[in-house]
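Residue numbering restarts at 1 for every chain, and letters A, B, ... go by the order of the sequence lines. What's counted below: heavy atoms across the whole structure, side chains too, no hydrogens, waters or symmetry copies.
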There are 2 protein chains.
Amino acid sequence: MASNEQTAALLRDAINRLTRRLRQTRPVGELTQSQFSALTSLDLAGALTPRELAEAERVQPPTMTRIVNRLEERGLVQRLPHPTDRRQVVLSTTESGRSVLAANRRAREAWLGGQVATLSAEEQETLRRAAHIVDRISRA
Amino acid sequence: MASNEQTAALLRDAINRLTRRLRQTRPVGELTQSQFSALTSLDLAGALTPRELAEAERVQPPTMTRIVNRLEERGLVQRLPHPTDRRQVVLSTTESGRSVLAANRRAREAWLGGQVATLSAEEQETLRRAAHIVDRISRA
DNA sequence: CTAAGCTCATTAGTTAAGCTAACGATTGTG
DNA sequence: CACAATCGTTAGCTTAACTAATGAGCTTAG
């Protein structure tokens, strides 16, 4: 029987390897991992303050400021004043942001989707289950 | 039925979230993810040239030069001349490197191991299976 | 009802990690 | 033996993470 630590090590190593592998497949000029992830979260949520988005991405607020800066420079995100609190800012995706996001999603999933396609139905189901378990762990 | 792309997206998102979560648990002064991973690979292999280690870590040679520099500054790794080819260098872990590695491994797995412990035996098995599948994909 | 303190976003400055291009030393080859 | 290839490194750029500090705006306690 594998110990909790052994399972943890297996999981961590597998995740590290896949993370590095995925980084290699990013085409130049496309969104970085952080930009892509932040844009996705924002698009799903509809509108968030920088702090809320930072918390969703598990990053400190200054880090999110920078990511949002780059996205705003490219016109993918907009900063609007908060209706009642003038300290705050409300972030939302632009039309252009949503289409860039969709294009990036397709490109990103091409490689990994191709790999998934080579797996048996049972293996694919294992991956989906594992993804949900990992999500639960990450929230803890 | 989930499409290959949906499964890929689930997997990628789960991995991103856990990666960021794990980064948060790194104590200051400890090895970074890259350092830890490189040191682990080197320790497993015994001795490698910088290029071989870069390939194992799926990183370009200059990136590995920097990582090795930091590890060497801390005395965790040593560079020795190649026996026959004076262009090459042979890297190996030091005694100190191996003990730092072991301590780091324990610290890193404490949090994740704790999370794994809260899962059912079936869920743990799902994670182990998924880790193996992901490893196979990453090698492709 | 205003002064003090809190919260929000941002800026500044550090560290780390990734990349490509270019270089010096060395080896192999035509 | 000259020329090409290889190896590791350096240099220079970008991205991303952090903490500390700042300024603007809100909230509240006296």
Side-chain angles (χ1 to χ4, degrees), chain A residues 16-17 19-39 42 47-74 76-92 104, chain B residues 16-17 19-39 41-42 47-74 76-92:
Chain A
N16 283 345
R17 271 190 280 269
T19 295
R20 282 195 293 260
R21 187 64 178 78
L22 285 176
R23 197 184 16 241
Q24 290 185 321
T25 64
R26 180 173 75 91
V28 279
E30 294 299 324
L31 296 175
T32 65
Q33 195 68 21
S34 301
Q35 289 168 358
F36 178 73
S37 183
L39 197 53
L42 184 57
L48 292 175
T49 67
R51 177 164 300 266
E52 288 167 339
L53 186 51
E55 280 165 7
E57 293 290 304
R58 296 194 167 274
V59 140
Q60 295 300 311
T63 300
M64 190 48 67
T65 292
R66 287 232 204 145
I67 295 172
V68 169
N69 282 347
R70 299 192 210 293
L71 292 174
E72 197 187 26
E73 282 163 13
R74 291 180 56 180
L76 309 181
V77 147
Q78 56 191 348
R79 285 177 161 110
L80 294 174
H82 190 281
T84 64
D85 188 338
R86 285 192 296 171
R87 286 172 308 185
Q88 297 189 50
V89 169
V90 178
L91 305 173
S92 55
N104 263 266
Chain B
N16 283 344
R17 271 189 279 269
T19 296
R20 281 195 293 262
R21 186 66 177 78
L22 285 174
R23 191 178 32 233
Q24 290 184 321
T25 64
R26 179 174 74 92
V28 279
E30 294 299 325
L31 297 174
T32 66
Q33 195 69 22
S34 301
Q35 289 167 359
F36 178 73
S37 184
L39 196 53
S41 289
L42 184 57
L48 292 175
T49 67
R51 178 165 298 267
E52 288 168 338
L53 185 51
E55 279 164 7
E57 292 291 303
R58 297 193 167 276
V59 142
Q60 294 302 308
T63 299
M64 190 49 68
T65 293
R66 286 228 213 144
I67 294 172
V68 169
N69 282 347
R70 298 191 211 296
L71 292 174
E72 196 187 28
E73 282 163 16
R74 292 179 56 178
L76 308 181
V77 147
Q78 57 189 349
R79 285 177 162 109
L80 294 174
H82 190 281
T84 64
D85 188 339
R86 286 192 294 171
R87 285 171 307 184
Q88 295 188 52
V89 169
V90 178
L91 305 172
S92 55

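Between Q33(B) atom CD and T19(B) atom OG1 the span is 7.5 Å, to the nearest 0.5 Å. Between N104(A) atom CG and L76(A) atom CG the span is 9.0 Å, to the nearest 0.5 Å.
Summarising the geometry of A54(A) relative to M64(A), their closest heavy-atom pair is CB-CB, 3.9 Å, with the distance given to 0.1 Å. Considering every non-hydrogen atom in both A38(A) and L53(A), the closest pair reads O-CD1, 3.8 Å. Taking both residues in full, the closest heavy atoms of L71(A) and L31(A) are given as CD2-CD2, 4.1 Å, listed atom of the first, atom of the second, then distance.
Applying the side chain to side chain contact (heavy atoms under 4.5 Å, CB included) criterion to R79(B), with sequence neighbours excluded, gives T65(B), V68(B), N69(B), E72(B), V89(B), L91(B). Applying the side chain to side chain contact (heavy atoms under 4.5 Å, CB included) rule to Q78(A) yields the partners L80(A), S92(A), T94(A); only residues at least two apart in sequence or on another chain are considered. Residues passing the side chain to side chain donor-acceptor pair (under 3.5 Å) test with R21(B), sequence neighbours excluded: none. When the side chain to side chain contact (heavy atoms under 4.5 Å, CB included) test is applied to Q88(A), the partners found at least two apart in sequence or on another chain are T49(A), H82(A), D85(A). Listed by chain and number, the residues in a side chain to side chain contact (heavy atoms under 4.5 Å, CB included) with R86(B) amount to none (sequence neighbours excluded).
Near DNA chain D, meaning a heavy atom under 4.0 Å away, the residues from residues 78-89 of chain A are T84(A), D85(A), R86(A), R87(A). The stretch residues 58-68 of chain B comes close to DNA chain C through V59(B), Q60(B), P62(B), T63(B), R66(B), I67(B), each having a heavy atom under 4.0 Å from the strand.
Listed pair S34(A) / dA17(D) meets the phosphate criterion, a side-chain N or O lying under 4.0 Å from OP1 or OP2. In terms of phosphate contacts, T32(A) brings no side-chain nitrogen or oxygen within less than 4.0 Å of OP1 or OP2 of dT15(D).
Straight-line distance from the CD atom of Q33(B) to the C1' atom of dA16(D): 15 Å, rounded to whole Å. Here the P atom of nucleotide dC7(D) and the CG atom of L91(B) are 14 Å apart, to the nearest Å.
For the salt bridge (charged side-chain N to carboxylate O under 4.0 Å, His left out) condition, the pairs that include at least one residue of residues 52-61 of chain A, sequence neighbours left out, are E57(A)-R20(B).
Between chain B and DNA chain C, the heavy-atom contact criterion of under 4.0 Å yields a 5' to 3' nucleotide range of dA16(C) to dT27(C).
Across the interface with DNA chain D, nearest-nucleotide mapping of T49(B) and Q35(A) shows T49(B) to be the residue nearer the 5′ end.
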